[in-house]
Amino acid sequence: MTKVFSDAGSALNGLLFEGMSIAAGGFGLCGIPELLIGAIRDAGTTGLTIASNNCGVDDFGLGVLLKTKQIKKMISSYVGENAEFMRQYLSGELELEFNPQGTLAERMRAGGAGIAGFYTKTGVGTLVAEGKEHKIFNGESYVLETAIIADLSIVNAWKADTSGNLVFRKTARNFNPPAATCGRVCVAEVEEIVSAGSLDPDQIHLPGIYVQRLIQGAHEKRIEQRTTRAAA
């Protein structure tokens with residue numbers, strides 16, 4: 001069966017349902033699956049739990065799903081660029097589970113690797129560790145973190161072949177590989193799709209076994225904060 005779909009809406013057909021969990025790749029506005037996010041918005045699916053580094057900005061990225069109040073809970077590391085996120089959280093409209101950034105990435109990776117949980121020193125003695133199991137290793141306290149296994153993964157890559165093998169470009173790789181692996185189904189949007197066998201195996205960052213559906217499309221690639229130097 002082909003993995004290539006004509007557009008984001010058709011690639012998500014049959015995968016969305018109320019109250020589902022989604023692992024979303026990207027870091028701020030870098031390497032985000034913006035076309036798939038837009039299709040989820042258009043589908044109107046609500047009660048979403050989304051695991052992602054952050055929630056984008058008010059009018060772009062995952063922020064568009066906040067604007068339409070489709071997100072019930074965020075599992076994130078950083079939420080500082082989104083005023084609507086702050087408003088919804090402080091008003092009790094949005095649930096938030098904070099994770100240290102490395103812990104969040106490892107929870108996704110563990111979910112994709114079949115590892116139920118792991119112990120880490122990160123967060124011990126802070127609010128992050130409250131209510132979680134602790135264990136002593138070599139005289140040091142560690143906290144148990146459980147794996148993330150999502151109903152759906154949505155990711156962005158630079159290039160794919162028709163078998164779903166993915167190549168990411170530079171920092172846009174970020175959270176995309178672990179997010180891709182921890183979903184029961186993974187849909188990837190890419191800038192270019194090439195024929196199977198045309199990618200150098202040594203250049204493939206994520207094997208196609210993790211990817212069930214693909215779309216190709218143009219991306220806005222918005223810059224979150226542009227800093228320029230005054231002209232001389």
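Owing to the predicted nature of the structure, the values given are computational and were not obtained by experimental measurement. For the numbers below, each heavy atom of this structure counts, side chains included, while hydrogens, waters and symmetry mates do not. All residue numbers refer to positions in the sequence shown, counting from 1.
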Q.
Give me the atom names and distance for the closest heavy-atom approach of Pro100 to Val128.
A. CD-CG1, 3.8 Å
Q: Can you see which heavy atom on Val124 is nearest to which on Ser141, and at what distance?
A: CG2-O, 3.5 Å
Q | Transitive ILVMFWY cluster of Val194, excluding itself - 4.5 Å side-chain cut-off | A | Trp158, Val167, Leu199, Ile204
Q: Please write out which residues are connected to Ile75 in a hydrophobic cluster, directly or through intermediates, given that two of Ile, Leu, Val, Met, Phe, Trp, Tyr count as joined at side-chain heavy-atom separations below 4.5 angstrom.
A: Phe27, Leu104, Met108, Ile148, Phe175
**Q.** Cluster check Leu90, Leu94: I/L/V/M/F/W/Y, side chain < 4.5 angstrom
**A.** yes
Q | Straight-line distance of Leu66 CG to Ile71 CD1, nearest 0.5 Å | A | 4.0 Å
Q. Any salt bridge (charged side-chain N to carboxylate O under 4.0 Å, His left out) pairs touching residues 207-220, not counting sequence neighbours?
A. Glu220-Arg222
Q | Thr146 (side chain) donor-acceptor with Gly117 (main chain) under 3.5 angstrom | A | no
Q: Only pairs at least two apart or in different chains count here, so list each salt bridge (charged side-chain N to carboxylate O under 4.0 Å, His left out) that has a residue in residues 36-58.
A: none
(Q) Phe85 vs Asn54, test: side-chain contact (heavy atoms from CB on, under 4.5 Å). Steps then yes/no. (A) CA-CA 10 Å; Phe85 189 110; Asn54 64 68; over 6 Å; no
Q.
Check for me, please, whether Leu62 and Leu29 land in the same ILVMFWY cluster - side-chain distances under 4.5 Å, paths through other members count.
A. no
Q) Does any pair with a residue in residues 189-202 pass side-chain hydrogen bond (donor to acceptor under 3.5 Å, both in side chains), and if so which ones, sequence neighbours excluded? A) Glu189-His219, Glu191-Lys221
Q. To the nearest 0.5 Å, what is the distance between CD (Gln88) and NZ (Lys72)?
A. 14.0 Å
Q: Could you grab the distance from atom CD1 of Ile154 to atom CG of Asn176, nearest 0.5 Å is fine?
A: 10.0 Å
Q. Can you name the side chain to side chain contact (heavy atoms under 4.5 Å, CB included) partners of Thr120, sequence neighbours left out?
A. Thr103, Phe118, Thr122, Val143, Glu145
Q) Is the backbone N or O of Ala179 less than 3.5 Å from a side-chain atom of Ser153, with the two atoms forming a donor-acceptor pair by type? A) yes
**Q.** Charged N-O contact under 4.0 Å between Glu84 and Lys67
**A.** no
Q | Single-linkage hydrophobic cluster Ile215~Ile32, side-chain heavy atoms < 4.5 angstrom | A | no
Q | ILVMFWY cluster membership beyond Tyr210 - transitive side-chain contacts under 4.5 angstrom | A | Val4, Val155, Leu166, Phe168, Val190, Ile193, Leu206, Ile209, Val211, Leu214
Q. Given a cutoff of under 4.5 Å between side-chain heavy atoms of I, L, V, M, F, W and Y, with clusters grown through shared members, what are the other residues clustered with Ile149?
A. none
Q) Given the rule that I, L, V, M, F, W and Y join up when any side-chain heavy atoms are under 4.5 Å apart, are Phe17 and Ile40 in one cluster? A) yes
Q: Using the rule that two of Ile, Leu, Val, Met, Phe, Trp, Tyr join whenever any of their side-chain heavy atoms come within less than 4.5 Å, decide whether Val57 and Leu65 are in one cluster.
A: no
In a table with atom names and distances, give each donor-acceptor pair under 3.5 Å that connects a side chain of residues 45-52 to protein atoms at least two apart or in another chain.
| from | atom 1 | to | atom 2 | distance (Å) |
| --- | --- | --- | --- | --- |
| Thr46 | OG1 | Glu18 | OE1 | 2.2 |
| Ser52 | OG | Ala24 | O | 3.0 |

**Q.** Residues forming a ring-ring contact (aromatic ring centres under 6.0 Å, His included) with Tyr142, sequence neighbours excluded
**A.** Phe137
Q) What are the two closest heavy atoms between Ala150 and Ser21, and how far apart are they? A) CA-OG, 3.4 Å
Q. What residues, two or more places apart in sequence or in another chain, satisfy ring-ring contact (aromatic ring centres under 6.0 Å, His included) together with Phe60?
A. none
(Q) Considering only residues two or more places apart or on different chains, which pairs with a residue in residues 73-83 satisfy side-chain hydrogen bond (donor to acceptor under 3.5 Å, both in side chains)? (A) Lys73-Glu97, Tyr78-Glu81, Glu81-Gln225
(Q) A quick test of your reading: do over 12 heavy atoms of other residues, nucleotides or ligands sit less than 6.0 Å from CZ of Arg87? (A) yes
